[in-house]
Amino acid sequence: MSGETTSAPSNFIRQIIEKDLQAGKHATIHTRFPPEPNGYLHIGHAKSIVLNFGIAEDFPGSCNLRFDDTNPAKEEEEFVEAIKEDVVWLGYAWSELRFASDYFEQLYEFAVELIESGKAFVCDLTPEQVRDYRGTLTEPGRESPYRDRPVAENLDLFRRMRAGEFVDGTRTLRARIDMAAPNINMRDPTLYRIRHGLIHHQTGAEWCIYPMYDYTHPISDALEGITHSLCTLEFEDHRPLYDWVLDNITIGCHPRQIEFARLNLEYTVMSKRKLTQLVQEKRVYGWDDPRMPTIAGLRRRGYTPESIRRFCEAIGVTKAEGTVEMGVLENSLRGHLDAAAPRRMAVLDPLKVVITNFPADATETLQAGNHPKDESLGTRELLLTREIYIDRADFREQANKKYKRLVLDGEVRLRNAYVIRCNEVIKDGAGNIIELRCAYDADTLGRNPEGRKVRGVIHWVSATLGKKAEVRLYDRLFKSPEPGRTHDFHQDINPDSLRVLQDCVVEPSLAEGRVDERFQFEREGYFCLDSIDSRPGLPVFNRIVSLRDSWGKKADE
RNA sequence: UGGGGCGUAGCUCAAUUGGCAGAGCGACGGACUCUGACUCCGUAGGUUGUAGGUUCGAUCCCUACCGCCCCAGCCA
């Protein structure tokens, strides 16, 4: 499934890079995407991926995938693999695959250098004391009593920290910067902490001290020759520390950190903490639940990599934080699939129609184009029989003139087939409509009837030859555009985010569908086979997104 | 109340760095149509957060306010 490639729109980061290139600062551009493997990637990460990999593609240059794996308490191999799969699925190839843990030895050596130059010290304060000494937003902090330890003692203590001589929480390595700095990140930040008993997914039990993000990230970037280190806004305060680290060690590279606003999407949550909760509390079926804003969820839902890339380019990159309407994501999929998806017919809420003047045992084979505007997508055969299903919503006993589907004593066209007239409505004892009796006009295949206009077109499937299917309709996971804005986000969970339709009937050609195919069910939306639950005998379709519907919005029912 | 950021149409973003405030999406209306889709045409929508100042001229420069976001993990 391919689409046209449009070049990514410019943004302030690309402009900075262009200027740096013109100024001769760099020969080529190197970026990186640095996820922490403590959860699955979501659509917000996609924004960063498209930005970083997109820049590497366009300038051109390279982009590494680097796992920021400095906290083994939260990280797992499962997430490493899931993240790699997501990046590949989005259509990108990293230049090099790295782990921050690849640099643990070098990180240690740079820490020794900082100690030797008097820029770092081993601190014996407890976590509570450190918090106390740090001061507040408005008051300066106090210097640690261990701040002026002799270099030799610091060296010895740090070596013994590594050797495992001290208990968790008893000592840290701290940068020696300025406890009175108005930027709290500069108040002698922690560089290393002690963590015994953890099995790191990459380094096993080799280390019992782990470096902090603020120390690890700039060095990892520099070691990889990154030219532009792109991150989200909350790290803006950390940039002085990023620069301080690189300015105070012997390293021949100083990447430029540039911050941009993270993505917020209406009617969903994007924080890993909340997504993890949804999974653990079983509010969804897993990280890949089709209602989740994770890449895995969107993939299972049926979103195409192309549509996600389009979306990321459409929303732009700035420093102004905002919330993007869900419709923008949906439209990116519609735009891609309208051009690319073959059309099919599926009846989601079947109502039997007997075509009384159609021979009982006959089957008429009709040719139908797979796409109204693209003949290259070919044609398929439709099987018309005496008994068919139409959607319950496509019939009313009476309706006003704006309603252009089937009414009693009215006509409608069966998509790709004939015009029928409804002559009789059959009801059960309770007054429910259970069947329609219609007659077809044999002279209306591929042409309009003489002397009258039939405005409506509805979809249908043979009742005897159609295949049973389950269809899952998804709605937004939350009822509120900003879940948890003023309260606990659980209160905003939409109880009707999943509707399962068991008795759907689809045209026979859909029985052979493959998981990676997307279809437009005409007049309904875009659908794909569920990759997990679909079975040969009972296909399960996910509705990726409905068709735009300007009718439903107008007050009618 | 310290520090760092951000305020342009309903949403997301532009505006050649001081020269008539635009686009896409959405909304609304219409045309077309064997998908109430797609496509096409059109309309509405703005005190550029507010108030001053500089200037012939300010979204842009200056000042002061206002609002929102982030920061006091041995998380990232």
Side-chain angles (χ1 to χ4, degrees), chain A residues 9-11 34-36 38 68-71 73-75 100 123 125-127 130-132 134-141 168-174 181-187 189-195 209-210 212-214 216-217 231-240 259 261 266 272-273 314-328 331-332 334-335 338-339 343 345 368-369 371-373 402-405 412-419 444-448 454-459 520-525 546-554 556:
Chain A
S10 188
N11 55 55
E36 183 189 15
N38 65 344
D68 227 326
D69 57 346
T70 57
N71 186 3
K74 291 187 177 175
E75 298 152 8
C123 181
L125 256 25
T126 65
V130 169
R131 194 191 319 131
D132 186 45
R134 185 156 32 229
T136 69
L137 295 178
T138 52
E139 304 156 30
D168 287 14
T170 55
R171 283 180 231 262
T172 54
L173 182 73
R174 292 226 261 161
N183 180 348
I184 292 186
N185 294 301
M186 299 301 271
R187 318 239 262 231
T190 303
L191 267 24
Y192 272 88
R193 76 284 210 179
I194 302 171
R195 286 287 177 275
I209 57 172
Y210 290 95
M212 301 289 289
Y213 166 86
D214 281 320
T216 307
H217 207 81
C231 63
T232 42
L233 250 28
E234 67 269 26
F235 292 105
E236 207 150 18
D237 285 348
H238 296 241
R239 192 180 346 122
E259 310 85 11
E266 283 186 346
K272 266 196 213 171
R273 201 192 96 247
I315 58 177
V317 178
T318 66
K319 295 191 69 150
E321 43 205 327
T323 304
V324 176
E325 294 169 337
M326 195 54 102
V328 180
N331 278 333
S332 71
R334 292 188 181 113
D338 175 59
R343 313 283 123 125
M345 290 197 287
H371 196 284
K373 291 184 179 172
K402 283 191 166 180
Y403 184 82
K404 34 189 268 198
R405 285 110 89 169
V412 78
R413 174 174 292 279
L414 296 177
R415 176 73 166 148
N416 293 309
Y418 300 92
V419 169
T444 55
L445 186 62
R447 63 170 149 184
N448 291 323
V454 176
R455 281 199 311 152
V457 181
I458 64 174
H459 58 281
Q520 184 195 101
F521 290 178
E522 290 197 80
R523 306 206 311 129
E524 293 286 357
S546 66
L547 252 31
R548 259 174 72 222
D549 182 10
S550 54
W551 168 254
K553 289 172 191 168
K554 292 171 188 166
D556 175 73

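In what follows, chains carry the letters A, B, and so on, assigned in the order in which the sequence lines appear, proteins first and then strands, with residues in each chain numbered from 1. Atom set for the values below is all heavy atoms of this structure, side chains included, hydrogens, waters and symmetry mates excluded.
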Select one nucleotide: of [options], the one nearest the side-chain heavy atoms of [X].
{"X": "A:E236", "options": "B:G5, B:C74, B:C38", "answer": "B:G5"}
{"X": "A:V328", "options": "B:C74, B:C38, B:C25", "answer": "B:C25"}
{"X": "A:R548", "options": "B:A72, B:A27, B:C75", "answer": "B:A27"}
{"X": "A:P372", "options": "B:U35, B:C25, B:A72", "answer": "B:U35"}

Just checking [X]: base, sugar-phosphate only, or nothing, at a heavy-atom cut-off of under 4.0 Å?
{"X": "A:H238", "value": "base"}
{"X": "A:K319", "value": "sugar-phosphate"}
{"X": "A:K272", "value": "nothing"}
{"X": "A:R415", "value": "base"}
{"X": "A:I315", "value": "sugar-phosphate"}
{"X": "A:R343", "value": "base"}
{"X": "A:R174", "value": "nothing"}
{"X": "A:T190", "value": "sugar-phosphate"}
{"X": "A:L191", "value": "nothing"}
{"X": "A:T136", "value": "base"}

Q) Would you say the side chain of A:Q520 and the base of B:U35 hold a donor-acceptor pair, judged only by whether the two atoms sit under 3.5 Å apart? A)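 Flag set: donor-acceptor pair detected.
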
Q) Is the base of B:G3 touched by the side chain of A:D237 through a donor-acceptor pair closer than 3.5 angstrom? A)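 Per atom types, the contact qualifies.
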
Q: Output yes when A:K319 and A:E236 qualify as a salt bridge under the 4.0 Å nitrogen-oxygen rule, no when they do not.
A: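 The answer is yes: the pair qualifies as a salt bridge.
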
So, is [X] near the phosphate of [N], with a side-chain N or O under 4.0 Å from OP1 or OP2?
{"X": "A:T323", "N": "B:U12", "answer": "no"}
{"X": "A:T138", "N": "B:U1", "answer": "no"}
{"X": "A:R195", "N": "B:C75", "answer": "yes"}
{"X": "A:R193", "N": "B:A76", "answer": "yes"}

Q. Who is the Watson-Crick or G-U wobble partner of B:C38, with both distances under 3.5 Å?
A.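 Paired with B:C38, as far as the under-3.5 Å criterion goes, is no nucleotide at all.
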
(Q) For A:T190 versus A:M212, what's the shortest heavy-atom pair and its separation? (A)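 Closest approach of A:T190 to A:M212, heavy atoms only: O-CG, 3.2 Å.
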
Q) Relative to each other, are the rings of A:Y213 and A:H238 parallel, tilted or perpendicular (30° and 60° limits)? A)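 Plane angle over 60°, so perpendicular.
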
